[in-house]
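All figures in this text were calculated on a predicted structure; none of them were measured in a lab.
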Amino acid sequence: PWPPPYDEALGMHVALDGDTTARWINVATYNVMTLRKIGALHVFADQMRIHGLAFVGVQDTRSTQTGTSTLHTKAGKFIIATAECNHAGVYGCALWFDGGVKWNSGLGRAVVVEDDVAVLSADPRWLVVKLQAPFASAVFVVAHGPHKGDFLSPILISDPTILLSISYA
């Protein structure tokens with residue numbers, strides 16, 4: 001069945017065979033057209049929490065800086081990696097992690113914190129982020145396509161890579 005059974009005591013979906021060390025993680029990618037409007041970040045955070053999304057790739061955020069930050073809202077804590085927009089004020093990508101989503105039920109920390117997240121490469125049309133946590137290691141690529149050239153060649157990727165992209169013909 002989809003989604004897998006939800007274990008209230010663990011606060012997470014569990015595998016059908018009862019394995020509680022692995023879990024389903026819901027993800028999405030969106031073109032938001034901007035997150036600069038007053039309250040937009042909080043509304044986006046609320047929607048992530050409502051839909052149970054562990055991480056989301058976001059295009060056209062129109063962010064004004066590149067880096068990582070932590071956003072505290074009524075919905076909870078969210079870790080955000082951003083690539084700034086271009087000089088015209090358009091594009092910009094982001095990767096949001098819900099800091100309240102458990103990635104596993106093993107011993108120790110199982111949620112993403114800002115120190116787990118690093119921007120490896122950024123451009124107004126793409127963002128490459130490394131997640132290195134005690135419970136997971138992966139590289140995320142958030143992109144606004146189409147693209148010319150190979151922007152990943154200079155980056156040695158040895159971890160599993162997750163692509164969150166939109167493309168227009």
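Between the side chains of S63 and E84, not a single donor N or O lies within less than 3.5 Å of an accepting N or O. For the residue pair T82 / Q65, no side-chain donor-acceptor distance below 3.5 Å is found, with atom types taken as modelled.
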Practice task
Would you sort out whether V139 and V129 count as a side chain to side chain contact (heavy atoms under 4.5 Å, CB included), showing the intermediate values?
Solution key: CA-CA 6 Å; V139 172; V129 174; over 6 Å; no
Practice task
Take Q59 and T29 through the test side chain to side chain donor-acceptor pair (under 3.5 Å) and record every step on the way to the result.
Solution key: CA-CA 8 Å; Q59 297 82 17; T29 186; 2.9 Å; yes
Practice task
Walk me through it: do V119 and T68 pass the test side chain to side chain contact (heavy atoms under 4.5 Å, CB included)?
Solution key: CA-CA 7 Å; V119 174; T68 62; 4.2 Å; yes
Practice task
Verify side chain to side chain contact (heavy atoms under 4.5 Å, CB included) between F140 and L131, making sure each step is shown before the conclusion.
Solution key: CA-CA 8 Å; F140 297 82; L131 172 68; 3.7 Å; yes
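With respect to R125 and D60, no salt bridge is recorded, no charged nitrogen being found less than 4.0 Å from a carboxylate O.
Counted within 6.0 Å of CD1 on I38, heavy atoms from surrounding residues, nucleotides or ligands total 12 or fewer; the atom is thus considered open.
Taking every heavy atom of both residues into account, H144 and N31 meet most closely at NE2-ND2, 3.8 Å. Here the closest non-hydrogen pair linking L127 and L95 is CD2-N, 3.7 Å. Nearest heavy atoms, A83 versus A122: CB-CB, 3.7 Å. The two residues T61 and A94 have their closest heavy-atom pair at CG2-CB, 3.8 Å.
The side-chain heavy atoms of V112 and V117, taken from C-beta on, include a pair separated by under 4.5 Å.
Here L35 is tied into one hydrophobic group with Y30, V32, L41, F44, M48, L53, V56, V58, L71, F78, I80, W96, each link being a pair of ILVMFWY side chains closer than 4.5 Å.
Judged purely by atom type and a 3.5 angstrom limit, S137 has no side-chain atom pairing as donor or acceptor with the backbone of Q132. Although no hydrogens or angles enter the test, the distance criterion places no donor-acceptor pair under 3.5 Å between the side chain of R62 and the main chain of R36.
Shown here are the side-chain hydrogen bond (donor to acceptor under 3.5 Å, both in side chains) partners of T64, two or more places apart in sequence or in another chain: there are none. For R49, the salt bridge (charged side-chain N to carboxylate O under 4.0 Å, His left out) criterion is met by D98, not counting sequence neighbours.
Under the 4.5 Å side-chain heavy-atom criterion for Ile, Leu, Val, Met, Phe, Trp and Tyr, V111 and I79 are members of distinct hydrophobic clusters.
Residue D46 holds its CG atom at 7.5 Å from NZ of K74, rounded to the nearest 0.5 Å. Here OG1 of T70 is found 3.5 Å from CD of E114. Values are rounded to the nearest 0.5 Å.
Under the 30°/60° scheme for interplanar angles, the aromatic rings of F55 and F97 are found to be tilted.
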